[in-house]
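Following: one structure in structure tokens, then a few remarks.
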2 protein chains.
Amino acid sequence: MPSTIRDIKERTGLSLATISKYLNGGNVLPENKEKIEEAIKELNYQVNEMARGLVTNKTRSIGVLVHNVASIFCGLLLRYIGDVLKDNGYSMIICDARDDEANQAESIQFLLSKKVDGIIVIPVADKGEFLKPAVSAKVPVVLLDRSLRNCDFDCVRINNREAAYKATNELLKNGHKKNAVIYSAHNYTGLQRYRGFLEALEDAGLTVEKDFDKPGFHSIEHGYESMKQLLALKNKPTGVFTTNYEVTLGAVMAVNESKYSCPEDISIMGFDNLILTHIVQPKMTMVVQPMKEMGQRAANLILKRIAEKDHEPPIEYILGTKIEKGNSIKKLK
Amino acid sequence: MPSTIRDIKERTGLSLATISKYLNGGNVLPENKEKIEEAIKELNYQVNEMARGLVTNKTRSIGVLVHNVASIFCGLLLRYIGDVLKDNGYSMIICDARDDEANQAESIQFLLSKKVDGIIVIPVADKGEFLKPAVSAKVPVVLLDRSLRNCDFDCVRINNREAAYKATNELLKNGHKKNAVIYSAHNYTGLQRYRGFLEALEDAGLTVEKDFDKPGFHSIEHGYESMKQLLALKNKPTGVFTTNYEVTLGAVMAVNESKYSCPEDISIMGFDNLILTHIVQPKMTMVVQPMKEMGQRAANLILKRIAEKDHEPPIEYILGTKIEKGNSIKKLK
DNA sequence: AAAGAAAAGCGAAACGGTTCGCTTGAGTTT
DNA sequence: AAACTCAAGCGAACCGTTTCGCTTTTCTTT
């Protein structure tokens, strides 16, 4: 039913090769160009991407594998990624790992079976084995937001350690000496932020108390439970560094439900300025990441890799963060 | 590099036709079946979906066009849709309309150019013109969450009018006579909820005051601004029905920033029990939708339509809602 | 004006599957 | 044992592009 390049051939009297050349941006006589364009318009012709793909071995689609599609953080990144891809004629096939490594590995296989030209991934954990099939299939991979242990892939992210260091200093500067940290112990990003926290304490001649050290999952629940435990301590911390969006959310919930309030009874340094910050009182002080740039860079990078013929060595784009000041940190004298 | 059906032919001595037959679930002698399976395993063979698609004219991909990919509501639906599609071997190509009708129309064209087998859409507005190209191309469409004016498509949604009616009654039952409503005036769902609100008032012998009637966009800003205006009135409402997640969020923000509090000074009846609502105090009373079922039904419905040879008349699945009680509504005597 | 270079066009062979219509052969019926 | 039935297998055509290697045309240069 839909018209093909052969219909255009009939209509213009030109050969398939010439028409194909035109379609792919090759040079054609102005006269013929006009003929072809007219035919395309009249026949409402659209290239059959499948036929093209069969020859070129390209699908013009990119797989995007996220750790959790229902998180607002991912949603935003998806928007920016999708924009760039669509503008370049690429479709975005999404897979959701639901924070599970087995799902994640299966999703990579799925994407490869769909013959995507490249994959952008926000990994669940810090291990990279699940990406081996992509490497064997020579499908380029770009990591986003989270790197991996012994990472040998392109990656777009922030300097997590430094950001955490700066954030912790914000607590220290305000006189907080008893600081807790709530973090994800299962991915590279979480661990790096934890290290930044420790380094800042160390440089200030402090250490973290055992009860104040809260590793766990990247989840609202973890933030919630940890903050509850912290508030129940006899010897409570005065400051808490919550190292990602979900954990910050959970921690705020816990404070809200308690008899304590922020920043009077407990100060919080948060992460990721998403909608949360606007609806809670007081306004949170937090580390903000350049989400838009992260998404766009990741998309552009994967497109670049696809276009390259040679296999270039991996690049890391490390973007800057800033601290947005609110009123969630009390100044201690 | 990757092996083809021809490699299997060499290895087994069978014909292409037979192997293809096996791949598509046809009957083959047990002996040959074994040979083929062995060859597939050893050669690590995977069907080339593009070659298959060229013949069958199917891509095994579904376009999902959402009004706003960064909303947590959409994110959740995407998760449930994606699960069903992947289990059936279909990939999910996502487009984000960014709440803009022009983007939405362009995205449909994009999806059609990608030759998706079907489209699931959460429309931006209540007009359906943008779907015409899909109809002409005979690509099935399933609407999700929001219907359209003069709708002639399959649709999976809740009974918005009834849900709003029940919700409003919750305010009325608690003695509220001065009720405001904040809603989206740009999509079918919002308008239906508004009607349900009006009907409930009417049945109680009440009407809505002009100042209490707040149409606008489906956005946090709209909820925020409207609530601010309501709180600034000399003659304030005692109850407010916020008819979607974003608007509820914004309204809560506005109350939090004001000198008033909920439910002492103003009662709120909200919509959509998503995670953010847990972080605000008091716990909200709200209408909850069966998100999982909505996503799954939509996905299964589109798959069913694709499988059907004849063009069956459209179906509407109208799912039930329930009210989750919190403490955001004060009992007036 | 002839020779040479560059640009544009062409035919045909891929790409990797599915499917149509026919042949083969085993099993069943009379 | 001949005739018939039915399952399984096969060859070849086809899906709609791209691309290779060649020919033709046009433009420069001397």
Side-chain angles (χ1 to χ4, degrees), chain A residues 1-37 39-40 43-61 89 112-117 137-138 306-307 309, chain B residues 1-37 39-40 43-61 89 112-117 137-138 306-307 309:
Chain A
M1 199 67 185
S3 57
T4 77
I5 207 175
R6 279 188 176 76
D7 298 327
I8 298 188
K9 171 188 156 128
E10 298 308 322
R11 205 150 175 128
T12 58
L14 296 165
S15 76
L16 296 184
T18 304
I19 298 163
S20 172
K21 192 180 184 187
Y22 165 83
L23 289 174
N24 291 287
N27 274 331
V28 165
L29 286 182
E31 176 197 343
N32 292 335
K33 182 176 161 181
E34 207 167 303
K35 273 194 208 161
I36 297 177
E37 280 170 355
I40 287 181
L43 293 167
N44 192 22
Y45 169 80
Q46 283 190 316
V47 213
N48 182 324
E49 295 273 2
M50 269 179 303
R52 171 182 277 173
L54 182 56
V55 180
T56 60
N57 209 19
K58 295 261 174 286
T59 52
R60 294 215 197 200
S61 68
L112 292 174
S113 84
K114 288 295 179 180
K115 299 260 186 286
V116 294
D117 295 345
K138 296 212 167 68
I306 289 169
K309 38 204 146 287
Chain B
M1 198 69 184
S3 57
T4 78
I5 205 175
R6 280 181 176 80
D7 298 327
I8 299 188
K9 170 186 157 133
E10 298 309 323
R11 204 152 178 124
T12 59
L14 296 166
S15 76
L16 297 182
T18 304
I19 299 164
S20 172
K21 193 179 183 186
Y22 164 82
L23 289 173
N24 291 287
N27 272 332
V28 165
L29 285 183
E31 176 198 343
N32 292 334
K33 183 177 160 182
E34 207 167 304
K35 273 194 209 160
I36 297 177
E37 281 169 354
I40 287 181
L43 294 167
N44 192 21
Y45 170 79
Q46 282 191 316
V47 207
N48 181 324
E49 293 276 0
M50 269 181 302
R52 172 183 275 173
L54 182 57
V55 180
T56 60
N57 211 20
K58 295 262 176 284
T59 53
R60 295 217 198 196
S61 67
L112 293 175
S113 83
K114 289 293 177 180
K115 300 260 185 288
V116 293
D117 295 345
K138 296 211 166 69
I306 288 168
K309 39 202 146 289

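Keep in mind the model is a prediction, meaning the values are calculated, not measured. Chain identifiers are assigned alphabetically (A, B, ...) following the order of the sequence lines, protein sequences preceding nucleic acid strands; residue numbering begins at 1 within each chain.
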> Between A:Y45 and A:I5, what is the shortest heavy-atom contact and its length?
Replying inline: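 Minimum heavy-atom separation between A:Y45 and A:I5: CE1-N, 3.5 Å.
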> What is the minimum heavy-atom distance between B:K9 and B:L16, and which atoms define it?
Replying inline: CD-CD2, 3.8 Å
Nearest-angstrom distance from the residue atom [atom1] of [X] to [atom2] of [N]:
{"X": "B:Y22", "N": "D:dA8", "atom1": "OH", "atom2": "P", "value": "15 Å"}
{"X": "B:N57", "N": "C:dG17", "atom1": "CG", "atom2": "C1'", "value": "14 Å"}
{"X": "B:E49", "N": "C:dT18", "atom1": "CD", "atom2": "C1'", "value": "13 Å"}
{"X": "A:E31", "N": "C:dG9", "atom1": "CD", "atom2": "C1'", "value": "12 Å"}
{"X": "B:D7", "N": "C:dC15", "atom1": "CG", "atom2": "P", "value": "11 Å"}
{"X": "A:K115", "N": "C:dG16", "atom1": "NZ", "atom2": "C1'", "value": "11 Å"}

> Do any N or O atoms from the side chain of B:K114 and from the backbone of A:R60 form a donor-acceptor pair under 3.5 angstrom?
Replying inline: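 Such a contact is found between B:K114 side chain and A:R60 backbone.
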>> For A:S61, is there any backbone N or O sitting under 3.5 Å from a side-chain donor or acceptor partner on A:K115?
In response: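 Here the side-chain-to-backbone pair does not exist.
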> How does protein contact run along nucleotides 11-22 of chain D, one letter per nucleotide 5' to 3', with B for base contact, S for sugar-phosphate only, - for none, heavy atoms under 4.0 Å?
Replying inline: B---BBBBB---
> What distance do A:L23 atom CG and A:T18 atom OG1 have between them, rounded to the nearest 0.5 Å?
Replying inline: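 Spacing of CG (A:L23) from OG1 (A:T18) equals 11.0 Å.
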> Hey, is the side chain of A:N27 poking within less than 4.0 Å of OP1 or OP2 on C:dA7, counting only N and O atoms?
Replying inline: no
> So, do A:I8 and A:L43 sit near enough that their side-chain heavy atoms are less than 4.5 Å apart?
Replying inline: yes
